[in-house]
Amino acid sequence: MTLGLTLTDLCVNGSGGRVLVQAADLKVPPGTLLGITGASGAGKTTLLHAIAGIVPSEGSIRWGETNFSKLSDHARTAFRARNMGMVFQDFLLFDDLSAHDNARLAAMFAPRAERAEITVRAKQHLSELGLTDPERHVASYSGGERQRVALARALAADPAVVLADEPTAALDRRAADRVIHDLVAACRERGRTLIAISHDTHLLDAMDRVVHVTDGHLAAQVPA
Amino acid sequence: MIVLLLTPIVLVAVLLCRGYAPGPLVRALLWRYRLVNCLFGGLIAVALAMGIAVLAQERGLREGSAQAADGFDLVVGTPGSEMDLMLASVYLQPSRVGLLDGDRFASIAEDPRAELAAPLAFGDSHDGAPVVGTVADFVTHLARGAVQGRLFANTSEAVVGARSDLHIGDHFHPSHGHGHGADHDAHEEVEFQVVGRLPLTGTPWDQAVIVPIEAVWETHGLANGHGAEEGTRIGAPFDPALFPGTPAVVVVPRGMGAAYGLRTTLNQADDMMAILPGAVQAELYRLMGDARQAVTVLTSVTQGLVVLAVLVSLMILSRLFQRQLAMLRAVGAPMRFVLSVVWGHAAVLLSIGTVLGVLLGYGAAAVLSSVLTARTGVHVPAALGVTELRLAAGFLSAAAVAALIPAWWAARTPVAEALRRN
């Protein structure tokens with residue numbers, strides 16, 4: 001399944017009514033790779049969090065046919081579990097678990113019937129991403145390897161959408177390029193929609209489109 | 001009852017964890033913060049162990065003292081402190097008690113309700129153990145007929161308690177007095193030979209050296225209760241005119257009714273006091289019960305404070321892994337799953353602390369029991385009873401239910417806010 005995103009009159013307010021993010025209209029067709037860039041503090045992460053439904057917002061967020069902004073918190077969480085994979089700048093792995101346990105995290109709270117499938121898929125992704133010792137604790141992994149474990153975790157539930165917040169910011173160039181390659185390939189091959197925040201020109205160059213966020217507002221959509 | 005007490009923790013576990021597999025994440029948290037977790041577990045264990053040890057020890061003391069007084073249905077002495085009389089006769093503790101004369105002893109011994117009236121004499125010791133003078137029939141009564149070797153047959157023979165360092169065939173000289181003030185040379189000319197050994201009774205008499213009462217009197221230059229025409233005969237009956245006095249007479253009555261009747265009769269006399277050691281102990285237990293209640297309240301407050309401190313610390317600790325918890329919510333983990341992880345961490349800590357607390361409490365009770373047994377001779381058993389297990393189960397359940405608070409607090413932190421924290 002593929003999912004596209006439609007934002008209409010999105011507005012995220014901070015404390016004291018300050019507008020953190022405002023997006024009048026943004027359409028991301030299914031399977032699109034969208035880069036979001038902008039200066040620090042411009043509102044990129046808040047926009048991503050709004051898209052993921054983890055900050056309250058006004059306006060309309062539609063994922064495919066689902067009016068995401070009308071869902072309850074519980075339903076949004078369930079929607080994320082089924083449809084979204086997330087990758088974070090500092091990986092957010094459990095250091096004292098193996099790569100495999102980290103990658104199959106979704107199996108721990110998924111319905112019983114889906115657990116085996118997620119577990120198998122996690123192992124398969126780890127292997128495809130070149131992580132040949134999945135039972136090793138991730139504490140002993142390099143930054144690049146850790147981000148690939150995080151990528152395997154994001155893909156294990158076979159999501160239609162991948163949201164990535166600065167996925168290469170903590171990596172050296174070589175590791176970053178490997179992660180970009182793996183991330184883009186994983187999305188292209190399965191027609192997944194990718195929305196990635198980044199300052200990394202290598203990553204932005206690999207996107208279909210790039211939007212620039214300035215003071216919470218979406219600026220011109222730059223074709224990559 | 002114990003199962004009922006554990007029901008809340010089981011219910012919470014089932015409600016939170018049903019359909020989820022939080023085990024790996026709970027293990028990861030336990031390992032990641034292992035030192036802090038060990039500290040928390042230790043605190044919980046010590047707090048609980050105090051309560052367990054107090055309960056187990058108090059019960060052991062009751063059982064031990066009840067067993068010690070088992071062979072002493074009725075004790076008669078001069079009017080004074082009932083406690084002193086009981087301590088002197090049952091527990092062989094040096095006490096200030098007066099002497100009953102020969103007429104008084106005869107009136108007790110001749111009462112048809114008394115099956116046996118055994119006079120006691122104290123004052124000497126051997127190697128720290130009391131040397132007690134009495135009659136052979138009382139030794140048989142104490143040993144319930146199972147003396148190893150034989151009873152003493154003359155004033156140079158002795159029978160020892162089961163835990164005495166003396167053995168059958170050994171010879172010894174008694175010392176005058178007890179403890180550090182004992183005079184080891186005062187009775188140098190007196191020698192006894194051990195001819196028998198009592199079975200273990202779990203009482204202070206296990207450490208005693210028992211000799212004919214005539215030997216104690218003679219050793220101190222007193223008449224021996226018999227006229228010259230009686231030769232070397234020992235034991236009852238005694239000639240009241242030649243009876244030097246006894247601080248306590250242990251009476252074996254012909255049934256409980258006889259014991260109460262004798263007590264009433266003897267207490268009507270101005271110069272005698274009859275006590276039922278069991279009743280004196282019951283009064284002591286009542287007083288001990290009040291003290292136990294006070295100690296129990298104190299330990300309960302301590303346990304409550306420790307649990308509170310641990311739960312507050314868990315709240316603080318949960319801030320360290322709050323970003324991981326927020327990540328779980330961000331990737332679609334339901335709130336109940338996050339709760340199950342944080343609560344599971346606390347519940348495992350509490351469970352480990354409780355199990356360690358029970359073991360530690362039992363260990364402390366065992367050590368205290370052995371010290372008390374060594375010091376008093378009263379066998380104080382140390383065993384875990386239902387009361388201690390109930391305390392542990394109730395403690396665990398209450399603390400585990402309370403652990404829902406820090407779990408809820410950690411799980412409800414706004415996801416985006418937590419993800420942004422470094």
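Labels below follow one simple rule: chain letters A, B, ... track the order of the sequence lines, proteins then strands, and each chain is numbered from 1.
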Quiz prompt | Most chain B-contacting option - heavy-atom pairs closer than 4.5 Å, from Asp73(A), Leu105(A), Leu163(A) | solution = Leu105(A)
Quiz item: Tell me, side chain or backbone of Arg115(A) under 4.5 Å from chain B's heavy atoms, or both, or neither?
Solution: side chain
Practice problem: Please list, in residue-number order, every residue in residues 34-44 of chain B that has a heavy atom less than 4.5 Å from any heavy atom of chain A; write 'none' if there are none. | Solution: none
Quiz item: Does Asp165(A) come within less than 4.0 Å of Arg420(B), counting only side-chain N to carboxylate O?
Solution: no
Self-check item: Residue pair Ala416(B) / Val55(A): nearest heavy atoms and the distance that separates them
Solution: CB-CG1, 3.1 Å
Self-check item: Which atom of Gly332(B) lies closest to which atom of Ala81(A), heavy atoms considered
Solution: O-CB, 3.5 Å
Practice problem: Measure Phe79(A) against the heavy atoms of chain B and call it side chain, backbone, both or neither at under 4.5 Å. | Solution: neither
Self-check item: chain A interface, residue from Arg32(B), Met335(B), Gln324(B) that has the most non-hydrogen pairs under 4.5 Å
Solution: Arg32(B)
Self-check item: Sorted by number, residues from residues 12-31 of chain B in contact with chain A (heavy atoms, under 4.5 Å)
Solution: Gly19(B), Tyr20(B), Ala21(B), Pro24(B), Leu25(B), Ala28(B), Trp31(B)
Quiz item: Of the backbone (N, CA, C, O) and the side chain (C-beta and beyond), which part of Thr46(A) lies under 4.5 Å from a heavy atom of chain B, both, or neither?
Solution: both
Self-check item: Distance (rounded to the nearest 0.5 Å) between Ile54(A) CD1 and Arg329(B) CZ
Solution: 10.0 Å
Self-check item: chain B contact via Ala106(A) - side chain, backbone, both or neither, heavy atoms under 4.5 Å
Solution: neither
Quiz item: Which residues, numbered in order, of residues 145-160 of chain A come under 4.5 angstrom of chain B by heavy-atom distance?
Solution: Arg153(A)
Practice problem: If a pair satisfies salt bridge (charged side-chain N to carboxylate O under 4.0 Å, His left out) and one of its residues is in residues 32-48 of chain A, list it, with sequence neighbours excluded. | Solution: none
